[in-house]
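Working notes, beginning with the structure itself.
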Amino acid sequence: MLIVMNHGATDAHIRRVIETIEEMGYQARPMPGKQRTTVGLVGNDGKVDPSRLMALEGVLEIIHVTQPYKQVSREWKAESTVVRLPGGLSVGGEDVVVIAGPCSVESEEQILAAARAVKEAGATALRGGAFKPRTSPYSFQGLGRKGLGLLAKAREETGLLIVTEAIDPEGVDIVAEVADVIQIGARNMQNFSLLKRAGRVKKPVLLKRGIAATITELLLSAEYLLAEGNGQVILCERGIRGFDPATRNVFDLTAIPLVHRLSHLPIIADPSHATGLREKVTPMARAAVAAGADGLLVEVHPHPDRALSDGGQSLPPDQFAELMRQVRAIAEVIGRRVAEPAEV
Ligand code: PEP
Ligand code: MN
(Lines give C-alpha, C1' and ligand atoms only; values in the text may rest on other atoms or scores of the structure.)
(Ligands and ions follow the chains in the order given, each with its own letter.)
Protein backbone atom coordinates (compact mmCIF):
# COMPACT_ATOMS: atom_id res chain seq x y z
CA MET A 1 0.00 0.00 0.00
CA LEU A 2 1.29 3.44 -0.93
CA ILE A 3 0.31 6.58 0.98
CA VAL A 4 0.72 9.55 -1.34
CA MET A 5 1.22 12.86 0.49
CA ASN A 6 -0.07 16.24 -0.65
CA HIS A 7 2.28 18.61 -2.43
CA GLY A 8 2.21 20.87 0.63
CA ALA A 9 2.50 18.16 3.30
CA THR A 10 4.92 19.14 6.06
CA ASP A 11 7.63 17.00 7.64
CA ALA A 12 5.36 16.70 10.69
CA HIS A 13 2.53 15.31 8.51
CA ILE A 14 4.89 12.73 7.00
CA ARG A 15 6.25 11.80 10.42
CA ARG A 16 2.70 11.26 11.71
CA VAL A 17 1.96 8.90 8.79
CA ILE A 18 5.13 6.93 9.53
CA GLU A 19 4.30 6.73 13.25
CA THR A 20 0.74 5.59 12.52
CA ILE A 21 1.97 2.83 10.20
CA GLU A 22 4.38 1.67 12.91
CA GLU A 23 1.68 1.85 15.61
CA MET A 24 -0.42 -0.43 13.39
CA GLY A 25 2.44 -2.94 13.44
CA TYR A 26 3.82 -2.43 9.92
CA GLN A 27 6.96 -0.91 8.47
CA ALA A 28 7.00 2.49 6.79
CA ARG A 29 9.27 3.37 3.86
CA PRO A 30 9.21 7.09 3.02
CA MET A 31 10.10 7.88 -0.61
CA PRO A 32 10.69 11.61 -1.07
CA GLY A 33 10.02 12.79 -4.62
CA LYS A 34 10.45 16.03 -6.53
CA GLN A 35 6.80 17.02 -6.15
CA ARG A 36 5.64 15.04 -3.15
CA THR A 37 6.54 12.26 -0.74
CA THR A 38 5.06 8.78 -0.90
CA VAL A 39 5.19 6.44 2.09
CA GLY A 40 5.15 2.71 1.42
CA LEU A 41 3.47 0.41 3.94
CA VAL A 42 5.34 -2.88 4.07
CA GLY A 43 3.94 -6.13 5.45
CA ASN A 44 0.26 -5.59 4.55
CA ASP A 45 -1.50 -8.75 5.68
CA GLY A 46 -4.88 -7.62 4.37
CA LYS A 47 -5.95 -6.25 7.75
CA VAL A 48 -4.84 -2.65 7.22
CA ASP A 49 -7.66 -0.13 7.65
CA PRO A 50 -6.86 2.48 4.95
CA SER A 51 -9.40 4.96 6.34
CA ARG A 52 -7.18 5.49 9.40
CA LEU A 53 -4.33 6.63 7.15
CA MET A 54 -6.55 8.52 4.73
CA ALA A 55 -7.86 10.64 7.61
CA LEU A 56 -4.38 11.90 8.55
CA GLU A 57 -3.47 15.45 7.64
CA GLY A 58 -1.46 15.87 4.46
CA VAL A 59 -2.55 12.57 2.87
CA LEU A 60 -3.69 12.92 -0.75
CA GLU A 61 -4.57 9.34 -1.69
CA ILE A 62 -3.94 5.70 -0.95
CA ILE A 63 -2.89 3.32 -3.69
CA HIS A 64 -3.51 -0.37 -3.20
CA VAL A 65 -0.69 -2.42 -4.62
CA THR A 66 -2.12 -5.81 -3.68
CA GLN A 67 -5.71 -7.02 -3.86
CA PRO A 68 -7.69 -7.43 -0.62
CA TYR A 69 -8.63 -11.02 -1.48
CA LYS A 70 -6.19 -13.93 -1.39
CA GLN A 71 -7.41 -17.47 -2.02
CA VAL A 72 -9.67 -16.55 -4.94
CA SER A 73 -6.89 -14.74 -6.77
CA ARG A 74 -4.85 -15.98 -9.71
CA GLU A 75 -1.75 -15.06 -7.76
CA TRP A 76 -2.74 -17.62 -5.12
CA LYS A 77 -3.55 -20.30 -7.70
CA ALA A 78 -2.47 -19.82 -11.29
CA GLU A 79 -4.41 -22.66 -12.91
CA SER A 80 -8.16 -22.29 -13.44
CA THR A 81 -10.42 -24.08 -11.01
CA VAL A 82 -12.63 -26.70 -12.60
CA VAL A 83 -15.73 -27.32 -10.48
CA ARG A 84 -16.66 -30.99 -10.83
CA LEU A 85 -20.33 -31.86 -10.74
CA PRO A 86 -22.01 -35.26 -10.58
CA GLY A 87 -22.34 -37.15 -13.86
CA GLY A 88 -18.97 -36.02 -15.18
CA LEU A 89 -20.03 -32.44 -15.80
CA SER A 90 -17.55 -29.71 -15.01
CA VAL A 91 -17.60 -25.92 -14.96
CA GLY A 92 -14.45 -23.95 -15.72
CA GLY A 93 -12.90 -26.35 -18.21
CA GLU A 94 -13.42 -26.47 -21.95
CA ASP A 95 -17.18 -27.03 -21.73
CA VAL A 96 -19.81 -24.31 -21.56
CA VAL A 97 -22.48 -25.52 -19.15
CA VAL A 98 -26.08 -24.43 -19.64
CA ILE A 99 -28.33 -24.34 -16.58
CA ALA A 100 -31.95 -23.58 -17.44
CA GLY A 101 -35.40 -23.64 -15.94
CA PRO A 102 -38.05 -21.46 -14.39
CA CYS A 103 -37.42 -18.69 -11.90
CA SER A 104 -39.55 -20.53 -9.32
CA VAL A 105 -40.76 -24.07 -8.86
CA GLU A 106 -44.54 -23.61 -9.04
CA SER A 107 -46.08 -27.08 -9.36
CA GLU A 108 -45.16 -30.63 -10.28
CA GLU A 109 -46.64 -30.22 -13.72
CA GLN A 110 -44.73 -26.96 -14.35
CA ILE A 111 -41.30 -28.12 -13.17
CA LEU A 112 -41.51 -31.46 -14.97
CA ALA A 113 -42.59 -29.76 -18.20
CA ALA A 114 -39.73 -27.26 -17.82
CA ALA A 115 -37.21 -30.01 -17.07
CA ARG A 116 -38.26 -32.07 -20.10
CA ALA A 117 -38.12 -29.02 -22.37
CA VAL A 118 -34.69 -27.79 -21.28
CA LYS A 119 -33.27 -31.30 -21.44
CA GLU A 120 -34.67 -31.79 -24.92
CA ALA A 121 -32.97 -28.56 -26.01
CA GLY A 122 -29.63 -29.70 -24.53
CA ALA A 123 -29.32 -28.11 -21.07
CA THR A 124 -27.43 -30.16 -18.51
CA ALA A 125 -28.80 -28.68 -15.30
CA LEU A 126 -32.22 -27.53 -14.14
CA ARG A 127 -32.63 -24.32 -12.19
CA GLY A 128 -35.68 -23.36 -10.14
CA GLY A 129 -36.10 -21.57 -6.85
CA ALA A 130 -37.94 -23.30 -4.03
CA PHE A 131 -37.04 -20.53 -1.58
CA LYS A 132 -37.36 -17.17 -3.32
CA PRO A 133 -35.76 -13.93 -2.10
CA ARG A 134 -38.43 -11.52 -3.35
CA THR A 135 -38.16 -7.75 -3.22
CA SER A 136 -41.76 -7.51 -1.99
CA PRO A 137 -43.02 -9.61 0.92
CA TYR A 138 -46.35 -9.93 -0.95
CA SER A 139 -44.80 -11.60 -4.01
CA PHE A 140 -44.72 -15.40 -4.41
CA GLN A 141 -42.15 -16.68 -1.91
CA GLY A 142 -41.68 -20.16 -3.38
CA LEU A 143 -42.97 -23.61 -2.42
CA GLY A 144 -40.18 -24.19 0.12
CA ARG A 145 -39.45 -27.82 1.02
CA LYS A 146 -42.23 -29.03 -1.28
CA GLY A 147 -40.43 -27.31 -4.15
CA LEU A 148 -37.19 -29.11 -3.29
CA GLY A 149 -39.05 -32.43 -3.44
CA LEU A 150 -40.35 -31.55 -6.90
CA LEU A 151 -36.84 -30.68 -8.07
CA ALA A 152 -35.62 -34.06 -6.81
CA LYS A 153 -38.42 -35.70 -8.81
CA ALA A 154 -37.42 -33.77 -11.94
CA ARG A 155 -33.82 -34.94 -11.52
CA GLU A 156 -34.98 -38.52 -11.09
CA GLU A 157 -36.93 -38.37 -14.32
CA THR A 158 -34.51 -36.40 -16.51
CA GLY A 159 -31.06 -36.88 -14.97
CA LEU A 160 -30.57 -33.10 -14.99
CA LEU A 161 -28.49 -31.68 -12.16
CA ILE A 162 -30.31 -29.36 -9.78
CA VAL A 163 -29.32 -25.74 -9.07
CA THR A 164 -31.46 -24.05 -6.43
CA GLU A 165 -31.14 -21.20 -4.00
CA ALA A 166 -30.55 -21.04 -0.26
CA ILE A 167 -31.69 -17.73 1.20
CA ASP A 168 -30.62 -18.03 4.82
CA PRO A 169 -27.99 -19.89 6.85
CA GLU A 170 -30.57 -22.31 8.32
CA GLY A 171 -31.72 -23.19 4.81
CA VAL A 172 -28.28 -24.21 3.55
CA ASP A 173 -28.37 -27.77 4.90
CA ILE A 174 -31.98 -28.29 3.76
CA VAL A 175 -31.17 -27.10 0.24
CA ALA A 176 -27.91 -29.10 0.20
CA GLU A 177 -29.90 -32.33 0.67
CA VAL A 178 -31.34 -31.92 -2.82
CA ALA A 179 -29.22 -29.40 -4.72
CA ASP A 180 -26.21 -30.40 -6.79
CA VAL A 181 -25.23 -26.74 -6.74
CA ILE A 182 -26.38 -24.28 -4.07
CA GLN A 183 -27.22 -20.87 -5.48
CA ILE A 184 -26.60 -17.72 -3.47
CA GLY A 185 -28.58 -14.91 -5.06
CA ALA A 186 -27.68 -11.32 -5.82
CA ARG A 187 -29.61 -10.01 -2.82
CA ASN A 188 -27.60 -12.26 -0.54
CA MET A 189 -24.12 -11.84 -1.99
CA GLN A 190 -23.03 -10.05 1.15
CA ASN A 191 -25.04 -12.10 3.63
CA PHE A 192 -21.89 -13.14 5.43
CA SER A 193 -23.49 -15.66 7.79
CA LEU A 194 -25.06 -17.37 4.76
CA LEU A 195 -21.70 -17.38 2.98
CA LYS A 196 -19.95 -18.84 6.01
CA ARG A 197 -22.53 -21.61 6.30
CA ALA A 198 -22.34 -22.38 2.58
CA GLY A 199 -18.56 -22.44 2.90
CA ARG A 200 -18.86 -25.37 5.28
CA VAL A 201 -21.00 -27.66 3.11
CA LYS A 202 -19.53 -30.12 0.67
CA LYS A 203 -21.51 -28.91 -2.33
CA PRO A 204 -20.53 -26.48 -5.08
CA VAL A 205 -21.86 -22.95 -4.68
CA LEU A 206 -23.09 -20.65 -7.44
CA LEU A 207 -22.48 -17.11 -6.19
CA LYS A 208 -24.32 -14.37 -8.06
CA ARG A 209 -22.98 -10.83 -8.24
CA GLY A 210 -24.86 -8.40 -5.99
CA ILE A 211 -27.17 -5.81 -7.48
CA ALA A 212 -24.64 -3.01 -6.92
CA ALA A 213 -21.50 -4.99 -6.17
CA THR A 214 -18.07 -4.25 -7.56
CA ILE A 215 -15.93 -7.07 -8.91
CA THR A 216 -13.73 -6.73 -5.82
CA GLU A 217 -16.78 -7.16 -3.57
CA LEU A 218 -17.90 -10.22 -5.56
CA LEU A 219 -14.46 -11.77 -5.17
CA LEU A 220 -14.35 -10.93 -1.46
CA SER A 221 -17.71 -12.69 -1.00
CA ALA A 222 -16.28 -15.72 -2.79
CA GLU A 223 -13.26 -15.44 -0.46
CA TYR A 224 -15.63 -16.13 2.46
CA LEU A 225 -16.55 -19.48 0.88
CA LEU A 226 -12.93 -20.45 0.25
CA ALA A 227 -11.84 -19.24 3.67
CA GLU A 228 -14.37 -21.66 5.21
CA GLY A 229 -13.00 -24.51 3.14
CA ASN A 230 -15.30 -24.66 0.11
CA GLY A 231 -13.27 -24.18 -3.06
CA GLN A 232 -16.05 -25.39 -5.36
CA VAL A 233 -17.30 -21.94 -6.29
CA ILE A 234 -18.84 -20.75 -9.56
CA LEU A 235 -19.35 -17.00 -9.95
CA CYS A 236 -22.21 -15.48 -11.92
CA GLU A 237 -22.55 -12.13 -13.65
CA ARG A 238 -26.27 -11.26 -13.61
CA GLY A 239 -26.22 -7.56 -14.31
CA ILE A 240 -25.84 -4.61 -12.01
CA ARG A 241 -28.16 -1.70 -11.34
CA GLY A 242 -27.74 1.22 -13.72
CA PHE A 243 -29.54 4.52 -14.16
CA ASP A 244 -31.50 3.60 -17.28
CA PRO A 245 -34.73 1.64 -16.81
CA ALA A 246 -34.66 0.48 -20.46
CA THR A 247 -33.35 -2.86 -19.22
CA ARG A 248 -33.81 -4.44 -15.79
CA ASN A 249 -30.06 -4.29 -15.14
CA VAL A 250 -26.88 -3.41 -16.99
CA PHE A 251 -25.19 -6.57 -18.21
CA ASP A 252 -21.52 -6.17 -17.36
CA LEU A 253 -19.96 -8.38 -20.01
CA THR A 254 -16.49 -7.10 -19.15
CA ALA A 255 -16.82 -8.81 -15.78
CA ILE A 256 -16.24 -12.14 -17.53
CA PRO A 257 -12.71 -11.58 -18.90
CA LEU A 258 -11.91 -9.41 -15.88
CA VAL A 259 -12.79 -12.15 -13.38
CA HIS A 260 -10.89 -14.69 -15.46
CA ARG A 261 -7.81 -12.53 -15.15
CA LEU A 262 -8.14 -11.73 -11.46
CA SER A 263 -9.37 -15.10 -10.25
CA HIS A 264 -8.99 -18.80 -10.97
CA LEU A 265 -12.71 -19.38 -10.32
CA PRO A 266 -15.12 -20.03 -13.20
CA ILE A 267 -17.73 -17.42 -14.08
CA ILE A 268 -21.04 -17.99 -15.82
CA ALA A 269 -23.55 -15.43 -17.08
CA ASP A 270 -27.27 -14.94 -16.48
CA PRO A 271 -28.67 -13.00 -19.44
CA SER A 272 -32.22 -13.36 -18.08
CA HIS A 273 -31.84 -11.27 -14.92
CA ALA A 274 -29.21 -9.09 -16.62
CA THR A 275 -31.69 -7.83 -19.21
CA GLY A 276 -35.13 -8.64 -17.80
CA LEU A 277 -36.41 -8.73 -21.38
CA ARG A 278 -37.18 -11.97 -23.18
CA GLU A 279 -36.10 -10.73 -26.60
CA LYS A 280 -32.69 -9.63 -25.28
CA VAL A 281 -31.83 -12.95 -23.60
CA THR A 282 -30.61 -14.84 -26.68
CA PRO A 283 -28.35 -12.09 -28.07
CA MET A 284 -26.82 -11.53 -24.64
CA ALA A 285 -26.36 -15.28 -24.16
CA ARG A 286 -24.41 -15.32 -27.42
CA ALA A 287 -22.35 -12.36 -26.27
CA ALA A 288 -21.59 -13.97 -22.90
CA VAL A 289 -20.30 -17.15 -24.51
CA ALA A 290 -18.26 -15.09 -26.95
CA ALA A 291 -16.78 -13.19 -23.98
CA GLY A 292 -15.63 -16.47 -22.44
CA ALA A 293 -18.38 -17.32 -19.95
CA ASP A 294 -17.98 -20.84 -18.55
CA GLY A 295 -21.71 -21.34 -18.65
CA LEU A 296 -25.15 -19.77 -18.83
CA LEU A 297 -28.06 -19.53 -16.43
CA VAL A 298 -31.26 -19.03 -18.43
CA GLU A 299 -34.86 -18.74 -17.25
CA VAL A 300 -37.18 -21.00 -19.23
CA HIS A 301 -40.86 -21.56 -18.47
CA PRO A 302 -43.29 -23.87 -20.27
CA HIS A 303 -45.84 -21.01 -20.24
CA PRO A 304 -44.06 -17.72 -19.41
CA ASP A 305 -47.33 -15.78 -19.45
CA ARG A 306 -48.50 -17.86 -16.48
CA ALA A 307 -45.26 -17.66 -14.47
CA LEU A 308 -45.48 -16.65 -10.81
CA SER A 309 -42.13 -14.82 -11.06
CA ASP A 310 -39.98 -13.40 -13.84
CA GLY A 311 -42.31 -14.46 -16.67
CA GLY A 312 -41.37 -11.43 -18.78
CA GLN A 313 -37.76 -12.54 -19.04
CA SER A 314 -38.41 -16.28 -19.30
CA LEU A 315 -38.03 -17.99 -22.65
CA PRO A 316 -40.64 -20.44 -23.90
CA PRO A 317 -39.13 -23.83 -24.83
CA ASP A 318 -38.92 -23.18 -28.59
CA GLN A 319 -36.95 -19.95 -28.08
CA PHE A 320 -34.64 -21.69 -25.64
CA ALA A 321 -33.96 -24.45 -28.19
CA GLU A 322 -32.99 -21.73 -30.67
CA LEU A 323 -30.72 -20.10 -28.05
CA MET A 324 -28.97 -23.45 -27.60
CA ARG A 325 -28.38 -23.79 -31.35
CA GLN A 326 -26.89 -20.32 -31.50
CA VAL A 327 -24.63 -20.64 -28.45
CA ARG A 328 -23.33 -23.99 -29.69
CA ALA A 329 -22.18 -22.24 -32.85
CA ILE A 330 -20.53 -19.41 -30.89
CA ALA A 331 -18.79 -21.86 -28.54
CA GLU A 332 -17.33 -23.71 -31.50
CA VAL A 333 -15.85 -20.52 -32.95
CA ILE A 334 -13.86 -19.91 -29.76
CA GLY A 335 -12.74 -23.53 -29.43
CA ARG A 336 -15.19 -24.60 -26.73
CA ARG A 337 -18.28 -26.75 -26.76
CA VAL A 338 -21.62 -26.72 -24.99
CA ALA A 339 -21.76 -29.63 -22.52
CA GLU A 340 -24.12 -32.41 -23.61
CA PRO A 341 -26.75 -33.90 -21.31
CA ALA A 342 -25.84 -37.33 -19.92
CA GLU A 343 -27.91 -40.26 -21.15
CA VAL A 344 -30.36 -41.43 -18.47
C1 PEP B 1 -32.94 -16.02 -9.68
O2 PEP B 1 -31.96 -16.64 -10.10
O3 PEP B 1 -34.13 -16.31 -9.91
C4 PEP B 1 -32.69 -14.78 -8.92
C5 PEP B 1 -33.50 -14.38 -7.95
O6 PEP B 1 -31.60 -14.13 -9.36
P7 PEP B 1 -30.79 -12.90 -8.73
O8 PEP B 1 -30.42 -13.32 -7.34
O9 PEP B 1 -29.64 -12.76 -9.66
O10 PEP B 1 -31.72 -11.72 -8.76
MN1 MN C 1 -35.70 -15.08 -11.44
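Order of listing sets the numbers, starting from 1, for every ligand and every atom in it. This chain uses plain numbering: 1 for the first residue, then up along the sequence. Model, not experiment: these values are computed from the prediction.
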Is there a donor-acceptor contact under 3.5 Å linking the side chains of N6 and H13?
no
For A186, the ligand 1 atoms whose distance to one of its heavy atoms is below 4.0 Å
7 (P), 8 (O), 9 (O)
Could you tell me whether K77 atom NZ has more than 12 heavy atoms of other residues or ligands within 6.0 Å of it?
yes
Shortest-distance N, O or S atom of H273 relative to the Mn ion (ligand 2)
NE2
Let me know which of D310, L297, L296, V298 forms a side chain to side chain contact (heavy atoms under 4.5 Å, CB included) with S272.
V298
If we only count N/O pairs under 3.5 Å, is E299 in contact with ligand 1?
yes
Nearest protein heavy atom with distance in Å, relative to atom 7 (P) of ligand 1:
K208 NZ, 3.5 Å
Metal-centred angle, the Mn ion (ligand 2) as apex - OD2 of D310, SG of C103, 10° resolution
90°
So, is Q183 polar-close to ligand 1, with some N/O to N/O distance under 3.5 Å?
yes
If you scan protein heavy atoms around atom 4 (C) of ligand 1, the nearest is H273 NE2, 3.4 Å
Say whether E106 and H301, considering side chains only, have a donor N or O and an acceptor N or O under 3.5 Å apart.
yes
For atom 2 (O) of ligand 1, what's the nearest protein heavy-atom neighbour? Residue, atom name and distance, please.
R127 NH1, 2.7 Å
Within 4.0 Å of some non-hydrogen atom of G185, the atoms of ligand 1 are 8 (O)
Identity of the N, O or S atom of E299 lying closest to the Mn ion (ligand 2):
OE2
Minimal non-hydrogen separation, A321 against A121, with atom names
CA-CB, 3.8 Å
Heavy atoms of A331 and V338 approach each other most closely as CB-CG2, 4.1 Å
Does the side chain of R278 pick up a donor-acceptor pair with the side chain of Q313 at under 3.5 Å?
no
So the atoms of ligand 1 within less than 4.0 Å of a heavy atom of K132 turn out to be 1 (C), 3 (O), 5 (C)
Is C103 in contact with ligand 1, taking contact as a heavy-atom separation below 4.0 Å?
yes
Exercise: identify the closest heavy-atom pair between E94 and G335
CG-O, 4.0 Å
Just distances here: any N/O of D310 and N/O of ligand 1 closer than 3.5 Å?
no
Within the 4.0 Å heavy-atom shell around R238, which atoms of ligand 1 are there?
7 (P), 9 (O), 10 (O)
Quick one: do the T81 and H264 side chains pair a donor with an acceptor below 3.5 Å?
yes
